[in-house]
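Working notes, beginning with the structure itself.
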Amino acid sequence: MWPPRALPPLPGVPCGDEAPPYDDAFVERFAFSPEGVDRTLIWESLHRTPSERLAVLQGFVDGLDRFAPDDPPTDPADAVR
Amino acid sequence: MTLPPTRPTQFVDLLDALARHRVEYVVVGAVAAAIAGVPIVTHDLDVVFDPAPANRARLLAALEALDARYLDPADRLIRPDAERLASLRLHLLRTRLGRLDLMTTIGPAWGFADLAPRSRRYRIGEIDVPVLDLEAVIQSKEHANRPKDRAGLDVLRETLRLRRARSVSPDDPAEETR
């Protein structure tokens, strides 16, 4: 939807020579909050404009609507009552 | 009577319809959180409106233009009217532009007069949209304390933490505020 942007590192993550090796422990520690929230998704969103954030939401809603119950079945096999 | 299917909620078009009718309101809930940067999905637009009589009249005109009707569990065709807008706290509506939930209060009985000072105006497309601050959105959900509110709180809180770490300010061009 938009050209990829170079994002700054997540706050609190050691950078450059100080960065630990990229392994599971590194990812678990810095990519997720203690509650298990994916911080990289949030960081990406925070670097979009508000209009872009709403457009992303709109894209999800438009996509999910393809599975709305109002839709008639497209596969005859699904039309069983 | 079965209601006809509607298209997915068109968030910008709904906000534009409210703006064209000069309705005073604040966007709250999940859309407010999404605009603030929370990666979250919702199917409806939640709005707290100014209950002043003149604003209710403008809101009613907007709802008529949007072909709004209540989401009635008994599937009746019930339209918003002046009396309902003046007396009900919660209006769950289906419009030709999708789902619109109108409220007079949220959280600990916060009305428009409480929420407006805690909102900021974001530039969305061609309109300025008043959106409740993320901190206040979190407080409203903490107060509501329903399972669906609790389920999303960790993401909201982490987003607020990262916003502060990034020092997002009204001067940040990425915020497009006015």
Side-chain angles (χ1 to χ4, degrees), chain A residues 1-16 18-19 26-74 78-79 81, chain B residues 2-15 27 30-45 98-99 120-129 131 134 151-168 172-178:
Chain A
M1 191 178 286
W2 299 282
R5 292 174 187 163
L7 303 183
L10 280 160
V13 178
C15 299
E18 295 179 4
F26 173 76
V27 172
E28 286 288 341
R29 181 173 175 197
F30 291 108
F32 297 98
S33 74
E35 297 81 15
V37 174
D38 186 338
R39 302 172 77 231
T40 63
L41 273 180
I42 296 172
W43 197 236
E44 200 173 293
S45 179
L46 287 179
H47 286 82
R48 295 190 177 108
T49 67
S51 288
E52 289 170 345
R53 294 169 194 157
L54 200 52
V56 168
L57 171 60
Q58 188 69 64
F60 275 115
V61 171
D62 290 346
L64 289 171
D65 188 68
R66 288 181 297 146
F67 305 102
D70 286 329
D71 282 357
T74 52
D78 291 337
R81 287 179 183 264
Chain B
T2 301
L3 296 176
T6 58
R7 58 198 293 214
T9 300
Q10 304 298 300
F11 297 103
V12 175
D13 292 344
L14 266 179
L15 293 168
V27 175
V31 172
I35 291 174
V38 181
I40 194 172
V41 176
T42 182
H43 288 267
D44 51 26
L45 175 66
R99 284 284 309 270
R120 54 195 303 185
R121 300 186 83 84
Y122 287 92
R123 189 70 175 169
I124 304 284
E126 299 299 315
I127 52 175
D128 289 331
V129 179
V131 179
L134 183 55
L153 270 174
D154 285 338
V155 183
L156 270 66
R157 289 174 180 145
E158 188 61 24
T159 305
L160 184 61
R161 273 195 288 272
L162 285 175
R163 276 180 66 93
R164 287 172 173 164
R166 185 177 168 239
S167 299
V168 171
D172 188 331
E175 287 298 288
E176 288 188 0
T177 53
R178 288 208 165 174

Report, in residue-number order, which members of residues 27-35 of chain A are under 4.5 Å from chain B by heavy-atom distance. A/Ser33, A/Glu35

Relative to chain A, which segment of B/Val38 carries a heavy atom at a distance below 4.5 Å: side chain, backbone, both, or neither? backbone

Compare every heavy atom of B/Ala36 with every heavy atom of A/Leu46, then report the nearest pair and how far apart it is. CD2-O, 3.6 Å

If I compare all heavy atoms of B/Thr9 with all of A/Gln58, which pair ends up nearest, and what's the gap? O-NE2, 2.7 Å

For B/Leu15, is it the side chain, the backbone, both or neither that has a heavy atom under 4.5 Å from a heavy atom of chain A? side chain

Looking only at B/Ile40, B/Thr42, B/Val129, B/Val12, the option with the highest number of non-hydrogen pairs under 4.5 Å against chain A is B/Thr42

B/Leu162 versus A/Pro11, closest heavy-atom pair with distance: CD2-CD, 3.8 Å

Under a 4.5 Å cut-off applied to non-hydrogen side-chain atoms, are B/Tyr122 and A/Thr49 in contact? no

Most contact-rich option vs chain A, by heavy-atom pairs under 4.5 angstrom, among B/Gln10, B/Arg157, B/Arg161, is B/Gln10

With no hydrogens and no angle check, is any side-chain donor or acceptor of A/Arg53 less than 3.5 Å from a backbone partner on B/Ile35? yes

Set out, in order, the CA-CA distance, both residues' side-chain angles and the distance that settles side-chain contact (heavy atoms from CB on, under 4.5 Å) for A/Leu54 and B/Val31, then state yes or no. CA-CA 8 Å; A/Leu54 200 52; B/Val31 172; 4.1 Å; yes

A/Leu7: partners by side-chain contact (heavy atoms from CB on, under 4.5 Å), with sequence neighbours left out: A/Arg5, A/Trp43, A/Glu44, A/His47

Would you mind telling me which of A/Ile42, A/Asp62, A/Leu10 has the largest number of heavy-atom pairs within less than 4.5 Å of chain B? A/Ile42

